[in-house]
Amino acid sequence: MATDKDINDVFDDICLAEERYRDQGFESGYNDGKKKAEIDARRLGFQKGWQIGIEIAEYMASCLMWQTVLSTGSNNTTNERKLKALNNIVTMINTWQAADPSSQDYMDNVNKIRVKYKQVCSLLGLYHTESSTVEDISF
C-alpha cells in the first residue's frame, strides 16, 4: 500500500468531505466578496468625492463672481455686508481640508460651507437649488 492510513481516517475523510468543501467554498466566496467590496467602495468614494469637489468649486466660482460684481458697484452698507459674507465663505472654502477626507469633521465642514452658501444666496436674493449637492454619506 502506498499510504498507511487507518480505515477510520479514510471514513472520516469521506464523512467530513462535505464540511471541508463547504468551508473552502465559503472562504473562496468571502475573499472574492471582500475584493469586490473594496473595488465598489473605492469607486463610490471617488464618485462622491468628485461630486463634492464640483459642488464646492461651483460655490467658489459663484462667490468670486459676485465679489467682482459687488466690488465694482456702489459702496453702500448692503454691498459691504454682502461682500463680507462672500469673503467669509471664500475663506471657509480656502481653509477647507479637501485633501484629507478621512478627517473627523470633513463632512461637517462641507455642511457648514453649504449652509453658509445658502445664507449668501439668501442675502444676494438668489434662488439656490440643491440638485447638485451630495446627500449625507452614512455607513
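Just so it is clear, the model here is predicted, and its values are computed rather than measured.
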Check: Can you check whether I54 reaches E58 side chain to side chain, under 4.5 Å on heavy atoms?
Finding: yes
Check: Do I52 and M107 touch side chain to side chain, with heavy atoms closer than 4.5 Å?
Finding: yes
Check: Rounded to the nearest 0.5 Å, what separation is found between the NZ atom of K34 and the CG atom of D32?
Finding: 12.0 Å
Next item on the list: Rounded to the nearest 0.5 Å, what's the gap from OG on S28 to OH on Y21? Could you check?
Entry: 14.0 Å
Item checked: Side chain T72, main chain T68, donor-acceptor under 3.5 Å -> yes
Check: Under 4.5 Å between side-chain heavy atoms, hopping through other hydrophobics if needed: is there a path connecting V110 to W50?
Finding: no
Notebook entry, point to check: If you draw a 6.0 Å radius around CD in E38, do more than 12 non-hydrogen atoms from other residues or ligands fall strictly inside?
Noted result: yes
Next item on the list: Look at the side-chain heavy atoms of Ile, Leu, Val, Met, Phe, Trp and Tyr, link any pair under 4.5 Å apart, and say whether L86 and L64 land in one connected group.
Entry: yes
Check: Looking only at heavy atoms, which two atoms of N94 and M60 are closest? And how far apart?
Finding: OD1-CE, 3.1 Å
Check: Going by the ring-ring contact (aromatic ring centres under 6.0 Å, His included) test, which pairs reach into residues 77-100, not counting sequence neighbours?
Finding: W96-Y106
Note to self: Is it the case that atom CZ in R20 sees more than 12 heavy atoms from other parts of the structure closer than 6.0 Å?
What the structure shows: yes
Notebook entry, point to check: Does a side-chain heavy-atom distance below 4.5 Å link K82 with Q67?
Noted result: no
Notebook entry, point to check: Does the side chain of Q51 reach to within under 4.5 Å of the side chain of Q47, using non-hydrogen atoms?
Noted result: yes
Next item on the list: Determine whether L126 and V115 fall in the same hydrophobic cluster, where Ile, Leu, Val, Met, Phe, Trp and Tyr are linked whenever their side-chain heavy atoms lie under 4.5 Å apart.
Entry: no
Note to self: With side-chain contact (heavy atoms from CB on, under 4.5 Å) as the criterion, how do L124 and L70 come out once you've worked through the C-alpha distance, each side chain's angles and the decisive distance to 0.1 Å?
What the structure shows: CA-CA 10 Å; L124 294 171; L70 292 174; 3.8 Å; yes
Item checked: Y59 side chain reached by R114 side chain, heavy atoms, under 4.5 Å -> yes
Item checked: I113 CD1 to I56 CD1 distance, which is reported to the nearest 0.5 Å -> 4.5 Å
Margin query: To the nearest 0.5 Å, what is the distance between SG on C63 and NZ on K116?
Written below: 10.0 Å
Note to self: Any carboxylate oxygen within less than 4.0 angstrom of a Lys/Arg side-chain nitrogen, looking at D108 and K112?
What the structure shows: no
Margin query: Can you tell me how far apart CD (E27) and CG (D23) are? Round to the nearest 0.5 Å.
Written below: 8.5 Å
Next item on the list: Give a yes or no on whether a salt bridge exists between R43 and D40, defined as a side-chain N under 4.0 angstrom from a carboxylate O.
Entry: yes
Check: Got a donor-acceptor contact below 3.5 angstrom from the T95 side chain to the T91 backbone?
Finding: yes
Check: What is the minimum heavy-atom distance between A85 and L123, and which atoms define it?
Finding: CB-CD2, 3.8 Å
